[in-house]
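Reminder, nothing fancy here: chain letters follow the sequence lines and each chain counts from 1. Every value quoted in this text rests on a predicted model; they were computed, and no experiment measured them.
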Amino acid sequence: MKITIIDYDATQFQEKEVKTIDECFPFKEKPTVTWINIDGLHRIDLIEQLGTHFGLHPLVMEDIVNTDQRPKIEDFVTYLFLVLKRLSYSSHDSDVVSEQISLILGPTFLLSFQEAPGDEFDPIRDRIRSSKGRIRQMGVDYLAYTLIDAIIDNYFVLLEQIGDRIEEIEDVLVANPRPETLQTLHTLKREMIVLRKSIWPLREVITRLERWETPLIQQATTIYLRDVYDHTIQVIDAIETYRDMLSGMLDIYLSSVSNRMNEVMKVLTIIATIFIPLTFIVGIYGMNFNMPELQWPWAYPYVFYVVLFVIILVMITYFRRKKWL
Amino acid sequence: MKITIIDYDATQFQEKEVKTIDECFPFKEKPTVTWINIDGLHRIDLIEQLGTHFGLHPLVMEDIVNTDQRPKIEDFVTYLFLVLKRLSYSSHDSDVVSEQISLILGPTFLLSFQEAPGDEFDPIRDRIRSSKGRIRQMGVDYLAYTLIDAIIDNYFVLLEQIGDRIEEIEDVLVANPRPETLQTLHTLKREMIVLRKSIWPLREVITRLERWETPLIQQATTIYLRDVYDHTIQVIDAIETYRDMLSGMLDIYLSSVSNRMNEVMKVLTIIATIFIPLTFIVGIYGMNFNMPELQWPWAYPYVFYVVLFVIILVMITYFRRKKWL
Amino acid sequence: MKITIIDYDATQFQEKEVKTIDECFPFKEKPTVTWINIDGLHRIDLIEQLGTHFGLHPLVMEDIVNTDQRPKIEDFVTYLFLVLKRLSYSSHDSDVVSEQISLILGPTFLLSFQEAPGDEFDPIRDRIRSSKGRIRQMGVDYLAYTLIDAIIDNYFVLLEQIGDRIEEIEDVLVANPRPETLQTLHTLKREMIVLRKSIWPLREVITRLERWETPLIQQATTIYLRDVYDHTIQVIDAIETYRDMLSGMLDIYLSSVSNRMNEVMKVLTIIATIFIPLTFIVGIYGMNFNMPELQWPWAYPYVFYVVLFVIILVMITYFRRKKWL
Amino acid sequence: MKITIIDYDATQFQEKEVKTIDECFPFKEKPTVTWINIDGLHRIDLIEQLGTHFGLHPLVMEDIVNTDQRPKIEDFVTYLFLVLKRLSYSSHDSDVVSEQISLILGPTFLLSFQEAPGDEFDPIRDRIRSSKGRIRQMGVDYLAYTLIDAIIDNYFVLLEQIGDRIEEIEDVLVANPRPETLQTLHTLKREMIVLRKSIWPLREVITRLERWETPLIQQATTIYLRDVYDHTIQVIDAIETYRDMLSGMLDIYLSSVSNRMNEVMKVLTIIATIFIPLTFIVGIYGMNFNMPELQWPWAYPYVFYVVLFVIILVMITYFRRKKWL
Amino acid sequence: MKITIIDYDATQFQEKEVKTIDECFPFKEKPTVTWINIDGLHRIDLIEQLGTHFGLHPLVMEDIVNTDQRPKIEDFVTYLFLVLKRLSYSSHDSDVVSEQISLILGPTFLLSFQEAPGDEFDPIRDRIRSSKGRIRQMGVDYLAYTLIDAIIDNYFVLLEQIGDRIEEIEDVLVANPRPETLQTLHTLKREMIVLRKSIWPLREVITRLERWETPLIQQATTIYLRDVYDHTIQVIDAIETYRDMLSGMLDIYLSSVSNRMNEVMKVLTIIATIFIPLTFIVGIYGMNFNMPELQWPWAYPYVFYVVLFVIILVMITYFRRKKWL
């Protein structure tokens, strides 16, 4: 468990990594903006210490450590509690991984709890350190906005990766559909279900954050939240579009399988309908009857060249007219 | 029918199992928190006695004993009436069983009616007995919350069992799809319908409980109800996710059946298209015509080794190019 | 057309069947509860007479005799107009029949118009006659509630019958799916559409009846209407569940048809792939070439026992490995 | 372009067909009810003249002549503008034709613009002429209601025709499904899409007309509009029901096609599995080996009668047990 | 990047193309209507200069240059910000291309930013130049309306092109369905998804523009916006109709593929069931048994003409009765 504290206002800035929870306490009442970030949630006792000092409700602390929450926002008057999800491709099994990030937005402090360390927030730290942009001029609510924005911007990266995979499969689907393609389609569909579950509730979270009349969010910040809302809608749009595309691709797959079957059946039917009657005809002259035809001088070439080839020709003409050849 | 009474406040506690309904009556007016639990609903006369004494509306008593209600909440000003569902796997036929639990929340008493005895409430009894947590400090509305929470927490256990079964089938589906797999998929889908029916209305029940401005629910308890609401949404999310997954698995099943059919047809087609023309050719030389070829010294090996093997080679090349082999 | 009048209050009761419309008129102003029931709607002139006397709007009278209305409720200030549907299985062609029942709820009178005579209201008449329950103590709005409740209770009977038929088909579906099963599935689905159409609007009708602030409905009665509302939701739930189940059963049917096809194809493929090559081999030795093998002493048993059985064995092994046998 | 003017109140009535637009102008200010009907919309200049005189907004005149509007209502304070659709079967290509009817409802005048002349309004003209019913007593808003009612009543005629066609196809579907049946199903589905598009918005149009508080609609007329609303809902219900039925019929069609395929395959499989092994056996004794069996006196009848018939019997028994015969 | 300025009121008009951003600045405060159009968004620095001078929020400038926004509207009190989409068929790869057009509507100025130059606005420029219509009399909000109207009118052109392609495919589908047809169907479906995504949000944009009470939009203009709203709904209706039609066409395609398979199978089955038994019969008399029949004088014609033709006749009769021929 790693605890980092960043404390700043327009004129001054300090950043430190602390070993004990106690070192965080003095920042609670400081009028400057304080951002305390905790990576790793296994030390439940420490989180409870921190929570108790910052006046968090026991249920909030429970929700922070139970990482299967849906994205949500709750207003506890003196602070806001937000649950968000970081989504990323795990490197080894190419599956979407969902990690929980909880934010506590107080009047002058922001606590962020991450299930696992990530790098989305690094550019924000840089911006604070170098006093780039307006971040050092703004309050703690603007800091919360930048964190949320960073998390949602990260979804676009994930969506792009998924979009690439969908395109890859689409090409394979046209060229050479195989049972494995279906398996991949199925996996992608399931990932979409996971994504939807993590991102749909976000829409309401951001709307509430923007609309709630809480002194914790200043008027100037709501315009930025509206921007975050737009991004959320874009992400949801993309997910719905991908879902529609995957459904369409399943139809393509199924109908291409049935087309191939059709082709196989046609080959069988053509071969069988040409040769089965022919075999019957040659069978006739294999009978041990005393057939007068057998003695005719031109019987063999007649049967062989005329009858058989006429039958083959008729069949082929028939198939051509049926557009099977 | 088993009646147990638990009566407590912050300082004192008593618990007893009573034989007659009359023994419950004195607790109605007592200012301490009283929890009367009734297991088994077949003694309608006793329930009516109890209801009449506690001032319940006849329709409420009807709903308590008719166990096919949907989850619902009703406000009778002096008490709230809640209907909930306990869901569990029956041990002998692996089907989801739904049992009704009705709660009457009065100013100082809570009546709970269970269709069949269950063990979800045992930890709550322990907490009351041992005065663990805040339960002994809180009122009867908090007790109601803990009961509802226990019922909903139990759904997660059920969902996990169903999740395991879905995963099992998923593995079978890839390895060796069989008609029985479809049957199991169908059973799971039907269980999902039952679950949905029991859990969807819960969402509204909890919302109302949280939002209604009734003196029976104290302000401090609503925050706990919001937590219960979150859990309900999680359960509903999980059910919807499972439903989506089961639909996807049905698609996989159907397309894998049609893939297998395709494979069978290919084998048939390959064998038939190779051997039917060959049989025709050997049939030719089985005719009893006076064929000059029969007398040629190398005719037999020529037909046998050259013609036949050339045909087989051509066919195999063709199939390979078509990617059937 | 049969007209029956029941007039009662807590102390007195009279019931009579009248021949002429005029006999109903005196009851309009009587302060006691009057229930006038009309069976059969073909005498439009008489209904118009009655309507004119009781001050009904011409459109109301039109809606009463045109029996293809949807369930609805309308508030005409001095009276409420309700249209409901009686649903039942017709005895001779096992199809759902929908009949219209219209209610006019005035301050002291209730008019009920039935398309065809039914027996759902008989227990209510008995209750009034024998002064059983609270009905004689309550006003005309309570009478209206009991009629609506009787109609909706009747839906459960119908739903049970449909549920039985669905279960029957489900068993057949597993054991021996046939085209007729599909036909029955289709019929059930269509009946569900009819039911939905008749019952969905009821939800709104009851809600309005409960919520509207009309002096015609007393406060004490709304609690009973809430109960009726719950029943309506249960009926709708059941219909939706049946619809879901029927959809699932269609999937089962289709996939079981394609499974059977698969099985048929496997038998064909196995037989054909074993015997077509064998026939080719025996065809070879039916050629009239001068084959040296024919003269070898062990040629026949060699070909017959060794070659053929080896081929059969290889084939069977192959099929077993493919899990076709 | 044909212009007819009907002007009436309770006591007097005049009707005339006019040649020039100018003749309509005096009726604008007349306190009697004036109904000006225009058939044919190709003389845009005349419509503009009329519109300018009656004070219509330029956009309204544009909407009147562009006949691809959706049904809508707009309130221009001094007049209401309604767009409706007449739907009918075209006689020569059995397709649904949608024609636009626009209404301008002023304080004392009603302008109706029809894309093509129709006969739905004839009974209304008769009622005005003969002073039948209440129409001559009522204002111009009641006239507007009767026109709207006539248009919607006409939808029922169309729906009945479509219902008949659906029933016809349903019978064919059971007896002898053919590709053309599918084509007809598809056409009907497309017609349903057209109908929906034309009728769905009507629901909102009528609701607004009923709810808007405009002096142009008198209180007494709203009750009639509620009736029109009910009819609209009935039409929408019918369309939805037909859509559901058509979807169900597509399922029936597809599964009956696959049933027939199944049957064909069974015949092939039965014939092939019986005769292919038999052909192999007779092939054996066609080999030119020196087989000792050939010399046995009872060999031929033994092979022929015993072996072959035993095989046939075994096969038939097998198929019967599989329920293929 | 091309910057053009049009400045006008009822009496005067000027138009010029400027090279530097600075030339736009004097127009900001001028009371006349000023329309500044920027084609090309790659010079972000210039756009920022312009934005800063006209007092635009940094987020607005970001949204203008990031061209993957959804259509939206935002109210910044002193100006409105609109994002719209121009949709067109790209000429070389027949795919729908979406380009962003952003509008800034101030009290006396309108800024329009186009991703790529288009020609929809040319007729508007002509109307301003020639003082045709009311545009020179109206304010800047009317100018904004004409631009929005031009963009939406353009959608109808696109929809017509798509409608033509759908009709083409529909004809092919009936005549000769091929895998490529499916591919085209899939492409069209995907284009519909893109269209929907671009046009659905427009509905809300226009509604807000019409309903918001902002001094930037005059009362007289809202009636024109209502007209634009109607057009938007028409576009959305058309898209939904096309989607429904494409789904229906996929069903047609799939069932026509399975019909063709059926036909192929029937041919195979007919040929095989006629000739396989016949081959068996001629095989019998190819056996080298000492069969007495072989010696009968009429045996050969009997077998040949009678037995075989009887079998063929029976088979054909059977197939005809089954309606396969």
Q: Would you check, one step at a time, whether the test side-chain hydrogen bond (donor to acceptor under 3.5 Å, both in side chains) holds for E/Glu170 with D/His186?
A: CA-CA 11 Å; E/Glu170 206 155 32; D/His186 185 57; 3.3 Å; yes
Q.
Between D/Arg243 and E/Asp244, is the side chain to side chain contact (heavy atoms under 4.5 Å, CB included) condition met? List the steps.
A. CA-CA 12 Å; D/Arg243 275 169 63 99; E/Asp244 277 358; 4.2 Å; yes
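At a 4.5 Å heavy-atom cutoff, the contact between E/Ile223 and chain D is made by backbone and side-chain atoms alike. With a threshold of 4.5 angstrom between heavy atoms, D/Ile284 does not approach chain E through any atom at all. Looking at E/Tyr285, only its side chain comes within 4.5 Å of chain D, counting heavy atoms on both sides. Neither the backbone nor the side chain of E/Arg260 comes within contact range of chain D, judged by heavy atoms closer than 4.5 Å. Proximity to chain E (any heavy atom under 4.5 Å) is shown, for D/Pro201, by neither the backbone nor the side chain. When heavy atoms are compared at a cutoff of 4.5 Å, D/Tyr253 approaches chain E solely by way of its side chain, counted from C-beta outward. Both the backbone and the side chain of D/Leu278 come within contact range of chain E, judged by heavy atoms closer than 4.5 Å. With a 4.5 angstrom heavy-atom cutoff, D/Leu250 touches chain E only via side-chain atoms.
Atom CD1 in E/Ile276 sits 9.5 Å away from atom OG1 in D/Thr273 (nearest 0.5 Å). Put simply, CG on E/Asp230 and CG on D/Asn66 are 11.5 Å apart, with the number rounded to the nearest 0.5 Å. To the nearest 0.5 Å, atoms CG (E/Asp251) and CG (D/Leu182) are separated by 8.0 Å. Atoms CD1 and OG1, from E/Ile281 and D/Thr279 in turn, are 9.5 Å apart once rounded to the nearest 0.5 Å. Atom CG in D/Asn262 sits 10.5 Å away from atom CE in E/Met265 (nearest 0.5 Å). Interatomic distance, CZ of E/Arg226 versus CG of D/Asp75, reported as 7.5 Å (0.5 Å rounding).
The two residues D/Met261 and E/Ser258 come nearest to each other via the heavy atoms CE-O, 4.4 Å.
Put simply, of D/Arg190, D/Lys189, D/Met287, the one with the most heavy-atom pairs under 4.5 Å next to chain E is D/Arg190.
D/Val257 places none of its side-chain heavy atoms less than 4.5 Å from the side chain of E/Ser255. Two residues are said to be in side-chain contact when any heavy atoms from C-beta on lie closer than 4.5 Å; D/Val267 and E/Tyr318 meet this criterion. Using a 4.5 Å heavy-atom threshold, the side chains of D/Asp63 and E/Asp227 count as touching.
E/Asp237 pairs in a salt bridge (Lys or Arg N to Asp or Glu O under 4.0 Å) with only one of the listed residues (D/Lys197, D/Arg196, D/Arg70, D/Lys72), which is D/Arg70.
No salt bridge links E/Lys266 with D/Glu263; every basic N to acidic carboxylate O contact stays at or beyond 4.0 Å.
Within a 6.0 Å sphere centred on CD of D/Glu204, other residues, nucleotides and ligands contribute 12 heavy atoms or fewer.
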